[in-house]
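This chain uses plain numbering: 1 for the first residue, then up along the sequence.
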Amino acid sequence: MAKNMGVAVAAALSELNVEKAVNALLKWRDSQSQAQKPQLLEQDEFLYLIVSLKKIPQKARVNPIKVPLPHPIIDDPAELCLFIDDRSKSGITKDAASKKIKSENIPINKVIKLSKLKTDYKPFEAKRKLCDSYDMFFADKRIIPLLPRLLGKQFFKKKKIPVPVDLKHNNWKEQIHNACSSAMLFLGSGTCCVVKVAKLSLEEKEIVENVIAAINGIAERVPSKWGNIRSFHLKLLDSLALPLFQAMPDLRLKILADADHHTSSKEEKQEVEEEEDDTSHQKTKKKKKNKGRIHDVQYMDDQEHINDSNSEADRKHEINANISTKKKKTALKKLCSIDIKVKDKKKKKSLAA
């Protein structure tokens with residue numbers, strides 16, 4: 001089944017489609033470079049392959065999966081760094097490692113001990129400079145679990161996680177050469193992965209060969225192989241992602257599920273309906289009982305509210321009555337004083353006459 005699926009996908013994923021996508025991205029890059037200002041230092045751009053899976057991997061891998069490429073991404077005079085385990089049980093020293101590198105002409109530019117990594121590269125700025133100083137990092141596989149805490153986020157953001165090397169074996173040069181000529185697939189805790197597959201300084205035909213080799217290699221190394229691949233997209237760093245392959249939705253499972261549902265027995269349906277009727281009947285009884293209780297409580301509350309409102313009304317009426325009597329008394333006093341004043345004026349006029 002897996003072989004037939006792989007053949008069908010290979011037929012769908014033709015070399016012509018990859019050539020069209022690569023050609024379109026190169027044209028877009030040329031148009032963008034003409035519009036932008038020329039930079040002082042030319043940086044080699046890379047082509048990225050976006051892999052979408054149907055299912056999340058059960059276990060996230062810290063170590064990358066090596067996918068061989070026909071044309072290496074990293075140049076021969078690349079800057080490479082090696083982290084070694086200088087603990088007492090390892091049996092490897094920095095002097096012995098540097099002597100072996102020189103004698104076998106291994107392309108390693110810097111050897112850093114684990115103890116020095118812990119002490120000299122604690123600050124964030126030191127870690128950032130170390131990450132930017134080298135193109136690729138290698139490490140003794142015995143210290144790989146310790147490195148994420150010591151290196152920090154910068155190495156993970158730039159996909160420069162050290163590649164594990166078995167320093168107990170003598171084939172150091174072969175291991176490093178294979179890693180430099182491979183694409184690194186990091187399977188995390190999601191369904192989407194980004195793989196660096198080619199650099200734009202290569203010829204167009206070499207880029208196409210790298211992309212096809214990366215697709216076939218990734219499909220063979222991913223769990224469930226082609227059955228777990230949802231899509232492949234190709235892009236530059238700032239460009240749109242161009243589709244290369246898209247898996248069809250698996251409708252067969254839905255059709256089978258519908259068929260099983262239709263072939264179920266009538267007795268099971270009747271039992272389910274009876275259970276639903278019983279549960280609904282019980283719910284309605286409970287609702288009625290609850291309604292009666294709520295009604296009683298509301299009735300008592302309403303009666304108390306009415307009594308309270310009546311008592312408040314009586315109080316207001318008494319207050320208003322008291323206010324009105326007071327006003328009447330003050331008004332009578334004013335009238336009496338006015339009458340007395342008028343009588344006094346009349347007496348004075350009569351006396352004057």
- prompt: In Å, rounded to the nearest 0.5 Å, how long is the span from CD1 of I108 to CD of E79?
  reply: 10.5 Å

- request: Apply side chain to side chain contact (heavy atoms under 4.5 Å, CB included) to L187 and C193, showing your working.
  value: CA-CA 7 Å; L187 285 179; C193 312; 3.7 Å; yes

- request: Give the intermediate values and the outcome of side chain to side chain contact (heavy atoms under 4.5 Å, CB included) for residues M136 and V163.
  value: CA-CA 8 Å; M136 200 169 182; V163 180; 3.7 Å; yes

- prompt: Below 4.0 angstrom, N of the basic side chain to O of the carboxylate: do R142 and D140 qualify?
  reply: yes

- prompt: Is a donor on one side and an acceptor on the other found under 3.5 Å between the side chain of N178 and the backbone of E174?
  reply: yes

message: So, taking the atom named CG in L47 and the one named NZ in K235, what distance separates them when rounded to the nearest 0.5 Å?
response: 9.5 Å

message: I'd like to know if the side chain of K129 and the backbone of C131 have a donor-acceptor N/O pair within less than 3.5 Å.
response: no

- request: State whether the side chain of W172 and the backbone N or O of L167 hold a donor-acceptor pair below 3.5 Å, judged by distance alone.
  value: yes

query: Can you tell if the side chain of K173 reaches within under 4.5 Å of the side chain of I106, non-hydrogen atoms only?
result: yes

message: Please say yes or no: joined through hydrophobic side-chain contacts below 4.5 Å, possibly via intermediate residues, are V194 and L237 part of one cluster?
response: yes

- request: Please list, chain by chain and in numerical order, all residues satisfying salt bridge (charged side-chain N to carboxylate O under 4.0 Å, His left out) with D86, sequence neighbours excluded.
  value: none

query: When rounded to the nearest 0.5 angstrom, what distance separates CD in E209 from CD in E204?
result: 11.5 Å

- request: Kindly say whether K113 contributes a backbone atom to a donor-acceptor pair with the side chain of K118 at under 3.5 angstrom?
  value: no

query: After noting the C-alpha distance and the side-chain angles of I218 and I65, does the key distance pass the side chain to side chain contact (heavy atoms under 4.5 Å, CB included) rule?
result: CA-CA 9 Å; I218 290 168; I65 296 173; over 6 Å; no

task: Measure across V67 and A213 and return the closest heavy-atom pair with its distance rounded to 0.1 Å.
output: CG1-O, 4.2 Å

message: A side-chain contact here means heavy atoms from C-beta on lying under 4.5 Å apart; do N216 and W226 qualify?
response: yes

message: Within a 6.0 Å radius of atom NZ on K141, are there more than 12 heavy atoms belonging to other residues, nucleotides or ligands?
response: no

- request: Answer whether the closest heavy-atom distance between the side chains of K196 and M184 falls below 4.5 Å.
  value: no

query: Do the side chain of N210 and the main chain of V197 share a donor and acceptor less than 3.5 angstrom apart?
result: yes

- request: State which residues pass side-chain contact (heavy atoms from CB on, under 4.5 Å) with R128; sequence neighbours excluded, sorted by chain then number.
  value: F124, E125, D132, Q154

- request: For H177, check side chain to side chain donor-acceptor pair (under 3.5 Å) against everything at least two apart and list the hits.
  value: none

statement: dist K94:NZ -> S115:OG (nearest 0.5 Å) comes out at 9.0 Å

- prompt: For L244, does its backbone N or O pair with a side-chain atom of N17 as donor and acceptor, under 3.5 Å?
  reply: no

message: Please report the interatomic distance CG(D166) to CG(N171), rounded to the nearest 0.5 Å.
response: 8.0 Å

- prompt: If we only count heavy atoms from C-beta on, is the E203 to H71 side-chain gap below 4.5 Å?
  reply: no

query: Are I229 and F245 side-chain neighbours, meaning at least one heavy-atom pair lies under 4.5 Å?
result: yes

- prompt: Looking only at atom types and distance, does a side-chain atom of N228 sit under 3.5 Å from a main-chain N or O of S224, one as donor and one as acceptor?
  reply: no

query: Is the shortest heavy-atom distance from the side chain of L69 to the side chain of S181 under 4.5 Å?
result: no

query: Is it true that F186 and I56 fall in one hydrophobic cluster, defined by side-chain heavy atoms closer than 4.5 Å?
result: no

field: Shortest non-hydrogen separation from Y121 to K116 and the atoms involved
entry: CD1-O, 3.8 Å

task: Over all heavy atoms of both residues, which pair between C81 and I112 is shortest? Give the atoms and the distance, please.
output: SG-CD1, 3.7 Å

task: Check the pair V208 / E19 against side chain to side chain contact (heavy atoms under 4.5 Å, CB included), numbers first and verdict last.
output: CA-CA 6 Å; V208 172; E19 287 179 359; 3.9 Å; yes

- prompt: What closest approach, in Å, do L147 and A139 show between heavy atoms, and which atom pair accounts for it?
  reply: CD1-CB, 3.5 Å

task: Please name all residues satisfying side chain to side chain donor-acceptor pair (under 3.5 Å) with K100, sequence neighbours left out, ordered by chain then number.
output: E104

field: Which atom of V195 lies closest to which atom of A183, heavy atoms considered
entry: CG1-CB, 3.6 Å

task: Taking side chain to side chain donor-acceptor pair (under 3.5 Å) as the test, write out the residues that go with R87, two or more places apart.
output: D85

message: Can you give me the closest heavy-atom contact between L236 and L25, atom names plus distance?
response: CD1-O, 3.6 Å

- request: For F83, enumerate each residue passing the ring pair (Phe, Tyr, Trp, His ring centres under 6.0 Å) test, keeping only those at least two apart in sequence or located in another chain.
  value: F137

- request: Could you grab the distance from atom CG of D120 to atom CG of L130, nearest 0.5 Å is fine?
  value: 10.5 Å

Passing candidate, side-chain contact (heavy atoms from CB on, under 4.5 Å) with H233, options L240, I50, L49: I50

